[in-house]
Structure formats: C-alpha cells, structure tokens
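Below is one structure, written out as structure tokens, with a few remarks after it.
Letters A, B, ... are given to chains in the order of the sequence lines, protein chains preceding strands, and every chain is numbered from 1.
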Amino acid sequence: MSDDATTPRLLLLDGHSLAYRAYFALPVENFSTATGQHTNAVFGFTSMLINMLRDEKPTHIVVSFDLSRKSFRTEKYADYKAGRSETPAPFQGQVSLIQEVLEALRIPVVTKENYEADDVIATLATQARAAGMEVIISSGDRDAFQLAEEHVTILYPVRGVSEVWRMTPEAIEAKYFVPPSRYRDKAALVGESSDNLTGVPGVGDKTAAKWINEYGGLDGVIANVDKIKGKAGESLRAHLAEVMRNYELNALIRDLELPLRPEDVRWHGWDREAVHQLFDALEFRVLRERLYSYLEAVEPEAESGFDLAGQVLRAGEVAGWLTEHAAAAPVGLAVTGSFGRGTGQVTGIAVATGSGPAAWFDPAALDETDERAVAAWLADPARPKVIHDAKPALLAFRAHGWAFDGVTTDTALAAYLAKPDQRGYDLTDLALRYLKRELKVDAPDDGQLALSFDGDGQDTAAEEGVMLRARATLDLADVLTAELSRDGGASQRLLAEVELPLAVVLAEMESKGIAADTGYLSELEATFAAEVKAAQQAAHEVHGREFNLGSPKQLQEILFVERNLPKTRKIKSGYTTDADSLQDLFAKTEDPLLAHLLRYRDMAKLKSTVDGLLKSVSDDGRIHTTFNQTVAATGRLSSTDPNLQNIPIRTEEGRRIRRAFVVGGEFEQLMTADYSQIEMRIMAHLSKDEALIAAFNSGADFHAATASSVFHVELDQVTADQRRKIKAMNYGLAYGLSSFGLSNQLTISNDEAKALMEEYFQRFGGVRDYLKAVVLQAGKDGYTATILGRRRYLPDLSSDNRQRREMAERMALNAPIQGSAADIIKVAMLKVDAALRSSGLSSRMLLQVHDELVFEVAPGERDALEELVRREMGGAYPLSVPLEVSVGTGRDWNGADH
DNA sequence: ATTAAGACGTA
DNA sequence: CGTACGTCTTAATG
C-alpha cells in the first residue's frame with residue numbers, strides 16, 4: 001500500500017450481497033459438513049474476507065447486513081428488487097453462520113431497520129472520510145460505485161470469490177465513461193436489472209454517458225430532453241418517469257443514525273478459541289490455515305507499536321495540555337481517589353489520547369487557570385471522554401465542585417452489557433480478556449508496552465499506572481463498542497440511552513441519600529437486643545445448658561442428636577436448620593426450643609439490620625447507599641453499603657425498621673410509587689395470552705380474577721384460600737416453579753399441586769407455550785433477550801448435567817421477565833428524572849427497589865409529583881396491558897407504603 | 001486476614 | 001426440586 005501507514009483504513013462490507021455472490025460462485029454440492037449443513041456461502045464469504053484483510057490491511061472493519069427485503073425503497077416502489085427469485089433453500093441459514101464467523105473474528109455487524117446495507121455503508125463511508133480515514137468498500141451491488149472518490153475505493157467481486165476489481169474513480173470512469181459522482185445519473189438512464197429498475201430501452205452505458213457529459217448530468221439531460229435526436233431520444237422521452245424514479249431510488253443515504261461511528265470499529269483481532277470451534281464445526285481446514293497464517297503474521301504488529309508517552313503535569317501545565325491534546329477526539333480518563341457513600345475524593349486524574357501522549361495531574365495542585373480549564377473540559381459535552389466506571393468519578397468530581405459530561409462510553413457498563421454474568425468488571429481483567437494486555441507498568445518488557453515516561457527522575461510508578469489505565473480504557477472502548485455492535489444496535493442503544501444516562505441519575509440518588517432517624521434506630525436496636533437476649537435465655541433454659549444459637553453446626557448437634565428430632569432436608573454439612581424446616585419441626589413435635597430458636601433468629605436478624613443501618617448513617621444524618629449497575633445478570637440494580645433493597649416489610653416488627661427512614665428537614669413527606677405485578681404484566685405481554693391480558697384489562701384484583709378463571713367461579717365467589725393458591729402460582733411462574741415447589745410452598749400434596757397447575761394452564765395456555773418457547777429459543781440462540789434487547793448468555797442450556805441444564809432453563813425463562821421489568825423501571829427512572837428537571841419541582845428521587853421508587857416530596861408538591869410519577873412510570877414502555885402504578889405518601893417509608 | 005457455607009431479608 | 005440480589009455469623013482456612 002502506498003498510503004501512509006498511520007492513516008486508519010476502514011473496510012466496509014455489504015454482508016448479504018457478498019454472501020450471495022459467494023453462494024453462486026461456489027458449487028453448493030461441494031460444500032457441506034458431516035451434519036448436512038451447506039457452507040458454500042460461508043466459505044466463499046470468509047475466503048473473500050481473508051483476502052481483503054490480507055490485501056487491504058484495514059485497521060477498522062464493519063459489516064452491514066440488510067435486515068429484510070423490505071426498506072423505504074420498497075415502500076416507494078413496490079417492485080423494487082422484485083423479480084429476484086426466492087432465496088434458495090441451501091442459502092438459508094448460512095447468513096447466521098457468517099455472522100458467527102464475524103463474531104469469532106470480533107468484527108462488528110451493523111444493521112438499520114428499513115434501510116439497506118448500502119445505505120449504512122454510505123453513511124459510514126461519509127463519516128469515515130470526514131474523520132480522515134481511508135475507506136475500502138466491498139459490495140456486490142453496483143450502486144456502491146457512486147461512493148467512489150479519492151480515498152474511497154470499491155472492491156467489486158467478479159468471477160468466483162478470489163478476484164475483485166478495484167473500482168477507483170479512475171476505473172469507474174474508464175469503464176462507464178462517467179465519474180462516480182455521475183454514476184447514479186448513468187444508472188438511472190440505463191436501469192439496473194438486479195434492482196428491477198428498468199431504464200430507457202436502447203440506451204446503454206455509452207449513450208447514457210454521452211448525454212450526461214454533453215448536458216452536464218441527468219438534470220441537464222432532462223432539461224434538454226427535446227433536443228435529443230433519434231430513436232434513443234424518442235425512447236428517453238417515453239420513459240422519463242422511470243428514469244426519475246430510478247434516480248430517486250438509487251441514491252444511497254449518507255446520513256443515517258447509527259449505533260456506532262467509524263472510529264468505534266477498530267479491529268483488535270479475533271477470538272482464537274471461538275474461531276477454532278467454529279471452523280471445526282464448519283470443517284474449514286484449509287481456510288483456517290490461511291486465516292491463521294495471515295492473522296499470526298499481523299498479530300504481533302497489532303499488539304506492539306503501542307507507545308504510551310506519559311507526562312506528569314505540574315501546576316500551570318494542565319490547561320495548555322488539555323487544549324492541545326483533549327479536544328475533538330475521544331480520550332481515556334482514569335481517576336484515583338476514595339469513593340463511596342454518595343461522595344468521593346479525587347487524588348489523581350490521568351488523560352490518555354488515542355495515539356499521542358498521556359498526562360497525569362493532581363487535582364489538588366492546580367493553579368487558577370488550570371482549575372478553570374479542567375472544570376470546563378470535564379463539563380463540556382463536546383469533549384468526548386471514555387472512562388471505566390463513571391459513577392464514582394462523577395460523585396468525586398461533584399464533591400470537588402466539577403460537573404462531568406461528555407462521557408461517550410463507560411467500559412464497565414459496556415462490558416456488563418456484553419457479558420452480564422461475569423463475576424466482576426475490573427479494568428485489569430478486561431484489558432487481559434479483550435486487549436490481551438497485562439495492565440501493569442512493570443510488566444516484563446516483551447514488546448507489548450513501550451512506556452517512556454517523563455518522570456523528572458522522580459518515582460512516578462503510581463502516576464504511570466493511572467495513565468496506563470486511561471489508555472487501556474480508551475482501547476477497550478473500541479473493542480467493546482465493536483463487541484456490542486454485533487447485535488445490530490440493541491446493546492449500543494441500551495448503553496447510550498439507558499445505562500450511561502442512568503449512571504448519572506443513580507449518582508444523584510446516592511449523593512442525596514435518605515434521612516434516617518438515628519435516635520429511633522438506637523431505641524430499636526435496644527429493643528431488639530433485649531428480645532434477642534430473652535429468646536436466647538429461654539432457649540438455654542429449655543435445653544438445660546448454654547450453646548451458641550447462631551451456630552447452625554451446634555444447632556444440628558442439639559436438634560438432631562441430643563433432642564433426637566426428625567431429620568430435615570439434607571445439606572452439605574448435614575441437615576438444614578432453616579426457618580421453614582424449623583416451622584415444620586415445630587408443627588410436628590411442638591418442641592418449645594424451636595419456638596425460642598425461631599424467635600431468636602428473627603430478632604437477631606432485625607438487630608443486625610438495625611446495627612448495620614446505624615453504622616452507615618453519614619454526618620449529614622442520611623444514609624447513602626451505593627447502587628451497583630453491573631452486578632445482576634438480569635439487568636437489575638443492586639444496592640450495597642448498606643443494602644436498602646432488603647429492608648424488612650413482611651412482618652410488623654420488621655416494618656418498624658422502615659419507620660427509621662424518614663423525610664428530610666426541608667421536605668414534607670416521603671412518597672413511594674411501585675408497579676403492581678409488573679412481572680406478570682410482562683408475561684401477559686410477551687405471551688400474548690388473551691385470558692391473562694383480559695384478566696389485567698378487567699381492572700379487577702388480578703389474583704382474584706385469575707383464581708376465578710382457574711376455579712370456574714364468579715369473581716365475588718373466590719375464597720381467600722383459592723386466591724392465595726393462585727397468587728402463589730402467579731408469582732412462581734416467572735421463576736420456573738415446579739409442581740413439587742408449589743406443593744411445598746402451599747403445603748398441599750404433589751398431586752393437588754399438579755392438578756392446580758394443569759387447571760391453570762388450561763385457562764392460560766399461552767403462558768405455558770411462551771415459557772416453553774423462550775427456553776427453546778434460548779437453547780438455539782445461546783442467550784435470552786429482554787424487551788430492550790438486553791442479553792444473558794446461558795451456555796449451560798446444553799449441559800450434559802441435568803441439574804445444571806434445568807437450572808439454566810429456569811434462568812432462561814426468568815431472565816427475559818425479570819430483565820424486562822428492570823429495563824422498564826430504568827427507563828421510568830430516566831423519564832421521571834427528566835420530567836422532574838423540566839417541571840422545576842424540587843422533589844427528588846432517592847431510592848429504587850426493583851419495582852418501586854422512593855421520593856422525597858418538597859412542600860406543596862405532593863399532587864404534582866404524584867401526577868408526574870404516575871405519568872412517567874405508567875408510560876415508560878407500552879405493553880399490551882396497562883402498567884399500573886400505586887402511590888403512597890407518609891412521613892416515613894413505612895407510612896408511605898401501601 | 002480471608003473464604004465458604006448457612007441463613008434470611010427484599011423484589 | 002423457584003429467579004435475582006447483599007449481609008451477617010460462624011467456622012475453617014491462610
């Protein structure tokens with residue numbers, strides 16, 4: 001290549017058209033696996049891809065696929081691309097295999113509803129040119145020729161899968177006698193049979209070019225249509241309408257909204273293991289050799305040549321550095337300090353540029369100019385920043401008085417969306433997994449990292465480490481963006497439109513915290529402590545000696561050996577002493593020790609909850625939990641330090657703890673707003689079960705309504721016991737409840753539970769069909785997806801181990817339901833937050849408890865807030881059943897509950 | 001000092 | 001033999 005080696009080169013592929021070319025280029029009968037899967041198109045496509053990688057050496061790659069045969073063009077012209085024969089059966093299914101190849105090669109795929117791949121390519125090519133990239137497009141569709149220009153080359157496959165024409169502007173002009181900018185004009189006149197666009201009969205490339213060049217384009221030809229002589233002229237005048245139609249339809253759209261930009265698709269190499277497995281399955285032996293010999297050759301190059309020049313900035317140097325290095329292009333940002341409890345303190349900030357230098361500075365050692373520059377830079381939404389775990393940084397910046405905006409990607413959130421089942425999303429681990437780099441400054445010098453720091457002779461290892469993290473974050477963002485883009489945009493949208501903005505909302509909530517009545521908490525603590533002591537004494541007295549009630553091990557000895565009570569359910573260490581089992585034992589034996597024991601457990605648990613809360617009250621008299629956004633595999637949030645999502649509510653004594661969460665000084669009340677039966681509503685929506693949908697739309701008490709159906713009685717004849725049983729079923733369904741589990745929970749026989757479930761599904765068969773279908777589909781895809789496309793991968797669905805497999809099946813049926821509920825309340829939180837801002841209300845959102853939001857109501861805003869919250873939560877996402885919201889207010893959390 | 005298991009609170 | 005979490009306690013490791 002004659003181009004400057006540092007110019008990024010973007011390879012854009014039209015997936016469908018190349019696959020189709022490959023299919024017809026290679027005899028289908030010669031390419032199939034032992035299992036009968038046809039692979040000629042996969043083979044041909046992959047072969048072309050490898051050739052292009054070898055010959056073009058792109059630094060960035062993306063493939064676009066048509067989503068369907070329908071597009072805005074078929075809407076305008078019903079016969080667009082009509083007349084194409086049905087997709088041949090052996091071609092079916094090969095596209096998804098090609099997508100698997102791309103996935104293994106970590107090449108992102110982008111699609112756009114209602115548009116063709118060529119439009120996506122035209123948009124990306126346009127953006128890439130604006131960014132100064134060299135562009136190579138490969139498409140089997142000649143429409144792409146209109147995109148050729150300086151630095152934009154079209155690779156047009158001809159004859160088989162090994163030869164392409166390099167269609168530069170010069171080549172196009174030589175072949176068609178018009179420049180690429182006039183290619184559309186020519187195509188409109190001549191027609192394009194593959195698109196079923198007829199042109200002017202009798203007019204070919206030469207005549208069309210003659211006219212276009214004579215009259216200065218199609219406009220001129222049309223303006224002078226009466227001057228054109230001869231048969232061809234007559235023909236043109238008779239077919240002007242078609243020409244205009246063609247011209248309108250063959251224009252490629254260059255300004256689509258896409259989930260990624262050309263800069264995001266930097267290619268960082270392939271997933272070796274996945275390629276191995278896939279090529280084994282496809283029986284691509286030779287191709288694997290070719291791929292590997294090419295990839296092995298470029299790999300070292302890709303891994304090295306990474307020179308991070310770092311610099312520790314002193315006071316007075318920061319403003320200038322930022323202006324010079326951190327303007328338009330995204331930079332990586334890494335922050336050190338202490339974080340948590342809704343605040344934080346920054347001790348160091350590192351900024352790394354994509355290919356240039358990195359810098360570190362101490363936020364406490366800035367001069368006035370620097371301080372202003374850093375504040376403006378951090379707050380500027382037009383200065384793109386990439387960071388790993390933005391929320392703590394945001395809180396620490398806020399504590400320093402800095403606003404923070406312009407975060408285009410959070411690599412922790414991106415990694416979570418890509419694989420939500422991971423244990424953690426530590427930057428070091430992600431760098432190793434996705435970048436294959438050890439994130440250590442003093443890593444062995446194996447050419448992976450060339451660090452040349454300007455350290456002034458000082459020991460700047462810590463600062464270098466932070467700079468390296470900033471740089472790794474930036475690189476990781478590229479890889480993860482590509483990773484997330486392989487599903488056609490859903491994950492990217494979740495990141496950009498849900499998780500990223502939600503992090504900001506959560507930061508606000510954590511920063512505010514919720515007021516706690518510490519005096520009352522202390523009283524509670526004393527009360528529970530006394531109860532614990534009393535229960536403990538009573539238990540010791542009954543048994544006749546002292547022992548540790550908190551030790552399940554000692555308890556087992558006492559219950560099952562010394563007191564010779566009946567054995568309970570087996571666990572690893574013997575027999576369980578959990579509350580359910582102890583209840584059963586008590587019912588059977590009436591051993592008074594059990595009652596004291598249960599009482600002890602209850603009180604000890606409550607006491608420890610209160611202890612924990614007391615310890616976590618901040619100086620401002622409020623409790624600031626931390627909401628974790630990357631923990632729950634289903635997409636839910638979790639709450640830690642303290643966990644405010646498991647504050648007792650079921651028992652009266654437990655609810656006493658809720659009274660400790662009170663309204664803050666300047667405010668009037670607490671308000672809770674929760675979704676009623678959101679998971680069942682999602683099941684009704686997803687399953688489309690008409691009876692279930694009707695039960696919701698009836699407006700009656702949902703559990704009673706379903707019970708009335710199941711037991712064939714009028715709504716007002718449903719007994720409390722019938723309602724209780726069906727309520728248990730309703731709740732259990734989304735968890736994969738078995739008849740055994742149901743019988744256990746309701747203390748009825750297994751037969752009775754079976755009959756109950758049978759009768760339930762008799763009435764709500766759509767639900768069973770849906771649940772079965774979800775598991776089946778998940779088995780095929782390898783993952784489940786929520787209404788917003790949030791994925792959860794469940795490899796255990798194909799496990800040989802029955803227990804693991806069945807566990808995965810229950811996860812598969814639960815994940816879309818629980819996850820969709822999580823999606824909905826997240827969207828609701830964003831909407832509520834936005835509405836609160838625009839309404840000018842002073843009330844604020846404090847907590848989220850999965851299907852409930854807790855607010856602090858400013859004086860006089862109760863009604864307005866309720867209206868706002870009902871509107872935004874109720875309208876968060878349209879389902880085929882209403883999203884019902886119930887609202888309550890009170891001076892404390894218990895009083896606000898309903 | 002860290003880890004695992006058991007128990008139990010919430011949705 | 002019901003999903004998703006976090007925390008506390010004990011008891012066993014280092």
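- Counting non-hydrogen atoms under 4.0 angstrom, A/Thr609 reaches nothing in the nucleic acid.
- Residue contacts for A/Glu806: at a heavy-atom cut-off of 4.0 Å it reaches no nucleic acid atom on any strand shown.
- OP1 or OP2 of C/dA4 has not a single side-chain nitrogen or oxygen of A/Arg636 nearer than 4.0 Å.
- Of the possible donor and acceptor atoms, none in the side chain of A/Arg601 sits under 3.5 Å from a partner among the backbone N and O of A/Leu549.
- Between A/Phe740 and A/Met811, the residue anchored nearer the 5' end of DNA chain C, judged by the nucleotide with its closest heavy atom, is A/Phe740.
- Using a 4.0 Å heavy-atom distance criterion, A/Arg802 is classed as making no nucleic acid contact.
- Contacts of A/Ala822 with the nucleic acid, taken as non-hydrogen atoms under 4.0 Å apart, are absent.
- Counting any heavy atom pair closer than 4.0 Å across all strands shown, A/Ala815 reaches no nucleic acid atom.
- Between A/Gln848 and A/Leu853, some side-chain heavy-atom pair lies under the 4.5 Å cut-off.
- Heavy atoms of other residues, nucleotides or ligands lying less than 6.0 angstrom from CZ of A/Arg804 number 12 at most.
- Between A/His540 and A/Tyr600, the distance from one ring center to the other does not fall under 6.0 angstrom.
- Whole-Å rounding puts the A/Phe547 CZ to C/dT9 P distance at 18 Å.
- For A/Arg423 and C/dC5, the CZ to P distance is 14 Å, given to the nearest whole Å.
- The main-chain N or O of A/Lys605 is found under 3.5 Å from a side-chain atom of A/Ser608 such that the two form a donor-acceptor pair.
- Across all strands shown, A/Asn628 has no heavy atoms under 4.0 Å from either base or sugar-phosphate atoms.
- Side-chain atoms of A/Ser616 never come within 3.5 Å of backbone atoms of A/Ile623 as a donor-acceptor pair (strictly under, hydrogens ignored).
- Distance from the side chain of A/Ala633 is smallest to C/dC5 among C/dA12, C/dC5, C/dG2.
- For A/Ser738, a side-chain nitrogen or oxygen approaches OP1 or OP2 of C/dG2 to under 4.0 Å.
- Ranking C/dT7, C/dT3, C/dG2 by closeness to the A/Thr640 side chain, first place goes to C/dT7.
- Along DNA chain B, the stretch of nucleotides lying under 4.0 Å from any heavy atom of chain A spans, 5' to 3', B/dA5 to B/dA11.
- C/dC5 atom C1' lies 14 Å from atom CG of A/Leu644, rounded to whole Å.
- In this structure, of C/dT9, C/dG6, C/dA11, it is C/dT9 that holds the atom nearest to the side chain of A/Ser608.
- One can place NE2 of A/His850 at 10 Å from P of C/dC5, the figure rounded to the nearest angstrom.
- Across all strands, A/Met807 comes closer than 4.0 Å only to sugar-phosphate atoms, never to a base (heavy-atom distances).
- As judged by a 4.0 angstrom heavy-atom cut-off over every strand, A/Asn548 is placed among residues touching the sugar-phosphate backbone only.
- Atoms CD1 (A/Ile817) and C1' (C/dG2) sit 12 Å apart, rounded to a whole Å.
- Residue contacts shown for A/Ala632 are limited to sugar-phosphate atoms, with no base heavy atom under 4.0 Å away.
- Here the side chain of A/Lys553 is nearest to one of C/dG6, C/dA11, C/dT3, namely C/dA11.
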- [ ] List the steps and the verdict of ring pair (Phe, Tyr, Trp, His ring centres under 6.0 Å) for A/Tyr731 and A/His703.
- [x] CA-CA 10 Å; A/Tyr731 276 117; A/His703 300 299; 5.4 Å; yes
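- Panel note: side chain A/Ser522, backbone A/Thr518; a donor-acceptor pair is recorded below 3.5 Å.
- Residue contacts for A/Leu606: at a heavy-atom cut-off of 4.0 Å it reaches no nucleic acid atom on any strand shown.
- Taking the side chain as every heavy atom from C-beta outward, A/Met603 and A/Lys533 never approach each other to under 4.5 Å.
- Residue contacts for A/Thr576: at a heavy-atom cut-off of 4.0 Å it reaches the sugar-phosphate backbone alone, with no base atom in range.
- Among the heavy atoms of the strands lying under 4.0 Å from A/Asp602 are primed sugar atoms or P, OP1, OP2 only; no base atom is included.
- Distance CD (A/Gln818) to P (C/dA4): 7 Å, rounded to an integer number of Å.
- In terms of phosphate contacts, A/Ser639 brings no side-chain nitrogen or oxygen within less than 4.0 Å of OP1 or OP2 of C/dG6.
- Within 4.0 Å (heavy atoms only), A/Ile649 reaches sugar-phosphate atoms of the nucleic acid but no base atom.
- Residue A/Lys615 contributes atom NZ, which lies 19 Å from atom P of C/dG6 at whole-angstrom precision.
- Atoms OH (A/Tyr760) and C1' (C/dG2) sit 15 Å apart, rounded to a whole Å.
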